[in-house]
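Bear in mind the structure is a predicted one, so any value in this text is a computation, not a measurement.
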Amino acid sequence: MGTHKLDHRSFAGIPLGFQVRKQLAKQFIYRVRRDNGMQYANKRIIHQDKYPYVVPKSIYNPESQPARDKLAQAVHNWRYYLSPAEKKEYNLRAVRRFRMAGYHLYISEFMLRQ
């Protein structure tokens, strides 16, 4: 394992250890990353970052509602309107070309359409 550059790795006086991830008590968010984000940085150095926990005011804004509606329509179409043969074709195409599930390929193509 590489060298650890540890910053802010305790909570309420309790040591948290190496490579703590995710949110803690809705107060902090921890992230572990290799290098310092620079192109030629040393990949063996592990950085641990600590951010304040923030709750967004609202993710439901008028600008993003059309995209959410389109995504909901795509999911509905996959579940109820595509035949098993069409789903199988998407799955085969997705695995061969993109190494992903057919569901994800259909959703991405649907979102890019129109």
Side-chain angles (χ1 to χ4, degrees):
M1 184 173 274
T3 307
H4 293 276
K5 181 178 189 244
L6 301 169
D7 299 316
H8 314 292
R9 61 181 180 108
S10 66
F11 177 73
I14 301 168
L16 297 175
F18 299 113
Q19 299 188 18
V20 176
R21 292 183 172 90
K22 300 193 180 185
Q23 62 100 1
L24 182 63
K26 295 193 176 183
Q27 293 182 17
F28 303 107
I29 298 173
Y30 290 93
R31 177 180 81 165
V32 174
R33 60 188 167 89
R34 295 193 178 277
D35 70 50
N36 62 356
M38 304 303 284
Q39 183 176 2
Y40 298 107
N42 185 350
K43 301 288 186 202
R44 293 184 349 193
I45 296 176
I46 299 171
H47 294 268
Q48 182 169 14
D49 301 324
K50 177 180 170 182
Y51 302 95
Y53 181 83
V54 177
V55 177
K57 292 178 185 170
S58 177
I59 60 169
Y60 298 105
N61 53 36
E63 296 82 21
S64 60
Q65 190 59 44
R68 282 195 296 278
D69 292 342
K70 193 172 183 180
L71 178 61
Q73 184 63 48
V75 171
H76 184 79
N77 288 352
W78 175 266
R79 286 184 179 172
Y80 302 110
Y81 292 119
L82 263 65
S83 68
E86 289 173 312
K87 289 180 183 180
K88 185 176 181 181
E89 182 58 37
Y90 270 103
N91 282 324
L92 290 174
R93 203 171 97 214
V95 168
R96 271 187 265 147
R97 294 184 64 203
F98 303 108
R99 297 175 63 183
M100 64 173 21
Y103 171 81
H104 296 111
L105 177 63
Y106 175 78
I107 298 294
S108 65
E109 287 181 355
F110 188 91
M111 295 299 286
L112 292 173
R113 268 189 259 154
Q114 303 162 353

Discussion item. For residues Y106 and M111: do they belong to one hydrophobic cluster (side chain heavy atoms under 4.5 Å, members Ile, Leu, Val, Met, Phe, Trp, Tyr)?
Written reply: yes
Discussion item. Is there a path of hydrophobic side-chain contacts, each under 4.5 Å between heavy atoms of I/L/V/M/F/W/Y residues, joining Y90 to F98?
Written reply: yes
Discussion item. Is any side-chain heavy atom of N91 closer than 4.5 Å to one of Y103?
Written reply: no
Fill in: Spacing of NZ belonging to K70 relative to CD1 belonging to I107, to within rounding of 0.5 Å
11.5 Å
Discussion item. So, using side chain to side chain donor-acceptor pair (under 3.5 Å) as the criterion, who are the partners of R93 when residues are at least two apart?
Written reply: E109
Worksheet entry | Test log, rule side-chain contact (heavy atoms from CB on, under 4.5 Å), inputs F110 and L71 | CA-CA 8 Å; F110 188 91; L71 178 61; over 6 Å; no
Item to complete: Mind listing the closest non-hydrogen atom pair of S64 and N61 along with its distance?
Response: OG-OD1, 2.5 Å
Item to complete: State yes or no: do V75 and M100 share one hydrophobic cluster built from I, L, V, M, F, W and Y residues joined by side-chain heavy-atom distances below 4.5 Å, directly or via other members?
Response: yes
Worksheet entry | W78 side, atom CH2; E86 side, atom CD - distance, nearest 0.5 Å | 9.5 Å
Worksheet item: Side-chain donor-acceptor pair under 3.5 Å between Q73 and N77, yes or no?
Response: yes
